[in-house]
Number of protein chains: 2
Amino acid sequence: MRKTRADAERTRDQILDAAEMTFFERGVARSSLDDIARAAGVTRGAVYWHFANKVELFLAMQDRAWLPQEDLCEQLADTPERDPLTTVADVVCDMFRRIATDESQKRVLAILLLRCEYTDEMADALRRRKDADCSLDARFGALFAAAGDRGLLHPAFTPALAQGAFRALVFGVFRRWLEAPEEMDLTTQGCAMVRAFIQVLGDAPSLKAASA
Amino acid sequence: MRKTRADAERTRDQILDAAEMTFFERGVARSSLDDIARAAGVTRGAVYWHFANKVELFLAMQDRAWLPQEDLCEQLADTPERDPLTTVADVVCDMFRRIATDESQKRVLAILLLRCEYTDEMADALRRRKDADCSLDARFGALFAAAGDRGLLHPAFTPALAQGAFRALVFGVFRRWLEAPEEMDLTTQGCAMVRAFIQVLGDAPSLKAASA
DNA sequence: CTCTTTACATACATTCATGTATGGATAATG
DNA sequence: CATTATCCATACATGAATGTATGTAAAGAG
């Protein structure tokens, strides 16, 4: 039983993996550190050596995964000067595809959205999500505003309304897939919904019949 | 200290009220029965008299409130033979309005969606939600299918796609409001998003330009 | 007016999870 | 090679939550 520091890093990762699985299966609150340690093949001593407590373990697990919001922000950072609406749809569908093929990220997001109660202790975890949401809203806001300026939006939608509805749609689709992956495929049906919505958003009748 | 059976019913309701508040504030998992009893002004003895354990208390709390899905189903049961899309929008917006004005129901739904981890113990609670979802899907499915048959749907959407997107949008809007009620008003902005979406859904260019 | 049942409060036993303290074996360091 | 720091297992102490058992005062039934 000799542990080089590379070994230590590996057990740390094993603990994080075990936390992912255990949180996903039993929920965060009902997962004891002993459950996680056992799943990782170690004892609570190892867990307490690497992490101060369950909350810090949870945060480390969250930090190891990419939040989709951060992912989207990065994608939107270097986007060419194309049609803003198509850009938005492409980026979201691309993210859907990446998440659907990454089991680990899927588990983490399922934990964050379905297996975890956000109380005062979890304030840090929640704040990170909110921050990511906020900066994402800024990027999306700019794109929808650009679409509005160029007259690309259906008159039923102001830019703000379109952004809010789009955000709700994307979240709803994603959450539904997390809840029942067997009933809905994210990359086909999910992307189809997103693209169809973007299409009708840009299908501005005002361009054809100006003031009927 | 004399308790008539009407008094007993009242303390039972007080316990349920206290459970609502406590679950909402601290989350279900972190709420002990002693917390709830204290909040209700009784002891754990009273709680254990009326409810077998925390899960049963939770289920009783859930049963006392109307799930929005059941609410919607009831509304859709006796709807006239109008435009199906407008009917759908009206019913959803009406539900939004009712929930926004009912603090208790808002709390319960926030618990169900944000403050509760669905593990194996909570299978009953989850099943009830799923059942309600299912029968709601059937009703919505019929309406969207009718809209499709009458050529009222934008060609970008099949009936099934429209239904899925609409469901995701409504859920996303609702969830966003629950998470940040101060950033978004359900009855104004939420209804606006729903109505705008329904409007562009029905804005079928195929009727004007048949085969351009 | 008895007697039983209701509707709790109180007290107790037990389990479970946590946090910490300690020990030990090896790796890293000089 | 001696020393120290790392990495983890084991053991212990504590508190919190649960479930149950018991006590009890009043209500309801006859």
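Note that this is a predicted model, so its numbers are computed, not measured. These numbers come from the heavy atoms of this one structure, side chains and all, not from hydrogens, waters or symmetry mates. Labels below follow one simple rule: chain letters A, B, ... track the order of the sequence lines, proteins then strands, and each chain is numbered from 1.
Side-chain proximity of Arg44(A) to dG19(D), dT18(C), dT10(D): nearest is dT18(C). Picking from dT20(D), dA28(C), dA9(C) the nucleotide with the shortest atom distance to the side chain of Thr4(A) gives dA28(C). Residue Asn53(A) places its side chain closer to dG19(C) than to any other of dT6(C), dG28(D), dG19(C). With distances taken from any side-chain atom of Arg5(B) to the nucleotides dA29(D), dC8(D), dT20(C), the minimum falls on dA29(D). Here dC8(C) is the nucleotide among dA9(D), dC8(C), dT18(C) with the atom lying nearest to any side-chain atom of His50(B).
Between Tyr48(B) atom OH and dG19(D) atom C1' the separation is 5 Å, expressed in whole Å. The distance between atom CG of Leu57(A) and atom P of dA17(C), rounded to the nearest whole Å, is 15 Å. Atom pair Phe51(A):CZ and dC7(D):P shows a separation of 12 Å (rounding to whole Å applied).
Taking a 6.0 Å sphere around CZ of Arg129(B), one finds it holds more than 12 heavy atoms contributed by other residues, nucleotides or ligands. Annotation for Arg30(A): atom CZ does not count as buried by contact number, only 12 or fewer foreign heavy atoms lying within 6.0 Å.
Taking side-chain N and O atoms only, Trp49(A) has a distance below 4.0 Å to OP1 or OP2 of dC7(D).
Taking five base pairs at each end of the helix from dC1(C)-dG30(D) to dG30(C)-dC1(D) and finding the rotation axis that steps the C1' atoms of four pairs onto the next four gives two axes whose angle is 10°, to the nearest 10°.
DNA chain D lies under 4.0 Å from at least one heavy atom of each of the following residues of residues 9-42 of chain A: Thr11(A), Val42(A).
With hydrogens and angles left out, the side-chain atoms of Asp90(B) and Thr87(B) include no donor and acceptor closer than 3.5 Å. Under 3.5 Å, the side chains of Asp34(B) and Ser32(B) contain no donor-acceptor pair of N or O atoms.
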* To do: Please assess Glu20(A) against Arg64(A) for the test salt bridge (Lys or Arg N to Asp or Glu O under 4.0 Å), listing each intermediate value before the final yes or no.
  => CA-CA 11 Å; Glu20(A) 252 186 51; Arg64(A) 206 176 55 156; 2.8 Å; yes
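Of the charged side-chain nitrogens involved, none lies within less than 4.0 Å of a carboxylate oxygen, so that Glu121(B) and Lys54(B) do not count as a salt-bridged pair.
Just one residue in the list Asp94(A), Asp102(A), Thr101(A) forms a side-chain hydrogen bond (donor to acceptor under 3.5 Å, both in side chains) with Arg98(A), and that residue is Asp94(A). Looking at Ile99(B), Val170(B), Leu136(B) one by one, the single match for side chain to side chain contact (heavy atoms under 4.5 Å, CB included) with Pro68(B) turns out to be Ile99(B).
With values rounded to the nearest 0.5 angstrom, Asp13(A) atom CG is found 6.0 Å from Asp17(A) atom CG.
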